Student: 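If you scroll down you'll find the structure; I have some questions about it.
Atoms within each ligand, like the ligands themselves, are counted from 1 in listed order. Predicted model, so just to flag it, every value in this text is computed and none were measured.
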Amino acid sequence: MTVSTPALGTVDLGDPDTFADHELGAFWRTLRDTAPVHWNPPVDGRRGFWALSRHDDIMAVYRDDVNFTSERGNVLVTLLGGGDAGAGRMLAVTDGYRHHELRKILQRVLSPRVLSEVAAAVRANTRQLVREAVGAGGCDFAEEIASRIPMTTISNLLGVPEQDRDYLLAQTRAALSTDDEDVDELDSEMARNEILMYFMDLVEERREAPGDDVISMLVGSSIDGVPLSDEDVVLNCYSLIIGGDETSRLTMIDSVHTLAARPGQYRRLKDGEVAIDTAVDEVLRWASPTMHFGRSVVRETELHGVRLRPGEIVTLWHASGNRDERVFDRPAEFDLGRTPNRHMAFGYGPHFCVGSYLAKVEIAELLMALRDFTTGVERTGEALPIRSNFLTGFSALPVRLLPDPRGLKEADR
Ligand code: HEM
């Protein structure tokens, strides 16, 4: 793959190829310095939209769900496609009072206290997968390890039967991102429908025979005395799968890719020089798996002298905000010991990622398993980048995990 630096006026942030074929570091820096409220013009009948690149501006829009709404979509694909079918019912695309009430329900099931068993299962699963891969000599980290952690975790939470998980994983991938240029938006839409239909059946089953899983809990929840409808439950299960699988998976893959290229940072992890929580935050800042989120303007607002008019789309670019030199020292350096680290990987404000604790548990367990069972990571082939204007990362990452006999022996005891 050839990666080049594009000229400013030629970059179309709506086009997935922009991210696959270009190195955008210099582009983002120019925007931050000279055009913090940048207009991405219409292309081929597709609407134009604003792009914010500075950390503080992005945070300000995230914080403000009165002047900027999520209810007309919160990513380019829905914002440009005319809206989100889950608006007003699915947490991420609901605002105001209903968002607040729905969020309380989801926060309950995703709180650290409730998740202690799930966290223990993440630990056991991750350690087993890493040890197997170390024993095997080499693996595709994306396929054999990262694919099997977040999906297993969310499936456990939702009570998705074992035999359905591979099917669900394939649909989730097609729904959001792809490494296959022949898979188009229509295929993605079909995959999204497949997931919704799958959960419709599961919700019906749980209404008849509730268990102790999240679906059963949602089925038994109500807002102001009105029970959540089947559609409400399905849409929010969908958002847990979509929100919780690919983002965590891509972050894990990126962390291994980055550590393989920077043995000095791996050493700091191995030697216990950096706290795991600090390392997790830097991995999240660095990977920025969700490149953007977005909002629609509700009331006219001015930012850096630019007027944002009602109905216009404003996109918020983590890919740039997480590298903003106004906020981060040496932003282009991967530093596992970085503190403070005000990264925006989980967004900010009322829609701040409700699964952030779970995501951090997953990434922390991976880093600890690598630290304990390996002496380093080597890449053995090319990483395969995904093609998306929303997510960034790799769908294949061939590596060798170098065994640490002492760590492995200790774990056997
Ligand atoms: C919201 C990122 C993991 C479920 C968000 C938002 C971001 C984000 C940036 C804000 C979206 C917006 O403001 O429009 C991430 C990243 C993750 C991750 C980078 C992993 C590294 C998870 C997990 C789950 C999850 C594990 C579920 C178990 C959600 C949900 C929302 C959300 C339901 C909507 C929250 C709301 O609107 O109140 N996530 N997420 N995410 N995330 Fe995550």
Student: Show which atoms of ligand 1 fall inside a sub-4.0 Å distance from at least one heavy-atom site of G347.
Tutor: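 Once the distances to G347 are compared, the set is 9 (C).
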Student: Return yes or no for this condition: an N or O of Y62 is under 3.5 Å from an N or O of ligand 1.
Tutor: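 Among all N and O atoms of Y62, none is under 3.5 Å from an N or O of ligand 1.
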Student: Compute whether any side-chain donor of one residue and acceptor of the other, for Y266 and T375, lie under 3.5 angstrom apart.
Tutor: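 No.
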Student: Specify the protein heavy atom at minimum distance from atom 13 (O) of ligand 1: its residue, its atom name, and the distance to 0.1 Å.
Tutor: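 Closest protein heavy atom to atom 13 (O) of ligand 1: R295 NH2, 2.7 Å.
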Student: Heavy-atom pairs closer than 4.0 Å: do any link ligand 1 to the side chain of T251, the backbone, both, or neither?
Tutor: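 The answer is the side chain of T251.
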Student: Going by the atom numbers of ligand 1, which of them fall below 4.0 Å from some non-hydrogen atom of S239?
Tutor: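 Listed by number with element: 33 (C).
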Student: Considering only protein heavy atoms, which is closest to atom 6 (C) of ligand 1, and at what distance to one decimal place?
Tutor: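 Scanning the protein heavy atoms, the shortest distance from atom 6 (C) of ligand 1 goes to F346 O, 3.8 Å.
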Student: Regarding R32 and S320, is there a side-chain donor-to-acceptor distance under 3.5 Å anywhere?
Tutor: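 Side chains of R32 and S320: pair found under 3.5 Å.
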Student: Determine, considering heavy atoms only, which of H351, E246, K360 sits nearest to atom 36 (C) of ligand 1.
Tutor: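 Minimum heavy-atom distance to atom 36 (C) of ligand 1 goes to H351.
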Student: Before signing off on this row, confirm whether R103 and ligand 1 have an N or O atom pair separated by under 3.5 Å.
Tutor: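 Yes - when backbone and side-chain N and O of R103 are compared with those of ligand 1, one distance drops under 3.5 Å.
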Student: Answer with yes or no whether the side chains of Q171 and Y198 bring together a donor and an acceptor at under 3.5 Å.
Tutor: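 No pair is found: no donor N or O on one side chain lies under 3.5 Å from an acceptor on the other.
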Student: For N67 and T301, does a side-chain donor sit closer than 3.5 Å to a side-chain acceptor?
Tutor: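 No, because no side-chain N or O of N67 sits under 3.5 Å from a partner of the opposite role on T301.
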Student: Ligand 1 and H99, any nitrogen or oxygen pair closer than 3.5 angstrom?
Tutor: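 Yes - when backbone and side-chain N and O of H99 are compared with those of ligand 1, one distance drops under 3.5 Å.
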Student: Between L316, T247, D95, flag the one that comes closest to atom 18 (C) of ligand 1 by a heavy atom.
Tutor: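 Nearest option to atom 18 (C) of ligand 1, by heavy atoms: T247.
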Student: Report the nearest protein non-hydrogen atom to atom 34 (C) of ligand 1: residue, atom name, distance rounded to 0.1 Å.
Tutor: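 Checking every protein heavy atom, the shortest distance to atom 34 (C) of ligand 1 gives A92 CB, 3.7 Å.
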Student: Would G244 count as being in polar contact with ligand 1, using the rule that some N or O on each side must be under 3.5 angstrom apart?
Tutor: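 No - when backbone and side-chain N and O of G244 are compared with those of ligand 1, no distance drops under 3.5 Å.
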Student: Does any donor atom in the side chain of R165 or N156 lie under 3.5 Å from an acceptor atom in the other side chain?
Tutor: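 N156 and R165 do have a side-chain donor-acceptor pair below 3.5 Å.
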Student: Quiz question: by atom type and distance under 3.5 Å, do the side chains of D17 and H22 form a donor-acceptor pair?
Tutor: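 Short answer, no.
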Student: What are the atoms of ligand 1, with element, lying closer than 4.0 Å to any heavy atom of P289?
Tutor: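 Once the distances to P289 are compared, the set is 19 (C).
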Student: So, are E101 and R98 salt-bridged, with charged N and O less than 4.0 Å apart?
Tutor: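 Here E101 does not pair with R98 in a salt bridge, since their nearest N and O are not under 4.0 Å apart.
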Student: Answer with yes or no whether the side chains of H343 and H318 bring together a donor and an acceptor at under 3.5 Å.
Tutor: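 Short answer, no.
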Student: If you have a sec, work out which protein heavy atom is nearest atom 33 (C) of ligand 1 and how many Å separate them, to one decimal?
Tutor: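 Minimum-distance protein heavy atom for atom 33 (C) of ligand 1 reads V354 CG1, 3.5 Å.
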Student: I'd like to know if L284 contacts ligand 1, where contact means a heavy-atom distance under 4.0 Å to any ligand atom.
Tutor: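 Under 4.0 Å: yes for L284.
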Student: Nearest protein heavy-atom contact for atom 22 (C) of ligand 1: which residue, which atom, what distance?
Tutor: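 Here the closest protein heavy atom is G243 O, 3.2 Å.
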Student: Strictly by modelled atom types, are D212 and S216 linked by a side-chain donor-acceptor pair under 3.5 Å?
Tutor: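 Judged by distance alone, the side chains do not pair up.
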Student: Among all protein heavy atoms, pick the one closest to atom 19 (C) of ligand 1 and tell me residue, atom and distance.
Tutor: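 Result: A345 O, 3.4 Å.
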Student: With heavy atoms only and a cut-off of under 4.0 Å, state how F293 meets ligand 1: side chain, backbone, both or neither.
Tutor: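 The answer is the side chain.
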Student: Less than 4.0 Å is my threshold; does some heavy atom of P350 fall inside it relative to ligand 1?
Tutor: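 It does; at least one heavy atom falls under 4.0 Å.
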Student: Does the side chain of L284 reach to within under 4.5 Å of the side chain of I363, using non-hydrogen atoms?
Tutor: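 Side chain of L284 against side chain of I363, heavy atoms only: contact under 4.5 Å found.
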Student: Residue-level breakdown please: for H318 versus ligand 1, do any non-hydrogen atoms fall below 4.0 Å on the side chain, on the backbone, on both, or on neither?
Tutor: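 Only the side chain of H318 comes within reach of ligand 1.
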Student: Provide, to 0.1 Å, the distance between atom 40 (N) of ligand 1 and the closest protein heavy atom, together with that atom's residue and name.
Tutor: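 Here the nearest protein heavy atom works out to C353 SG, 3.1 Å.
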Student: Considering only protein heavy atoms, which is closest to atom 28 (C) of ligand 1, and at what distance to one decimal place?
Tutor: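 Protein heavy atom at minimum distance: L358 CD2, 3.8 Å.
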Student: Would you say the side-chain atoms of D95 and T69 include a donor-acceptor pair closer than 3.5 Å?
Tutor: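 T69 and D95 do have a side-chain donor-acceptor pair below 3.5 Å.
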Student: Between D329 and R338, does at least one N-O distance fall below 4.0 Å, as a salt bridge requires?
Tutor: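 So D329 does not pair with R338 through a salt bridge.
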Student: Name the one of L157, L110, L358 that satisfies side chain to side chain contact (heavy atoms under 4.5 Å, CB included) with L240?
Tutor: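 So the option named by the test is L110.
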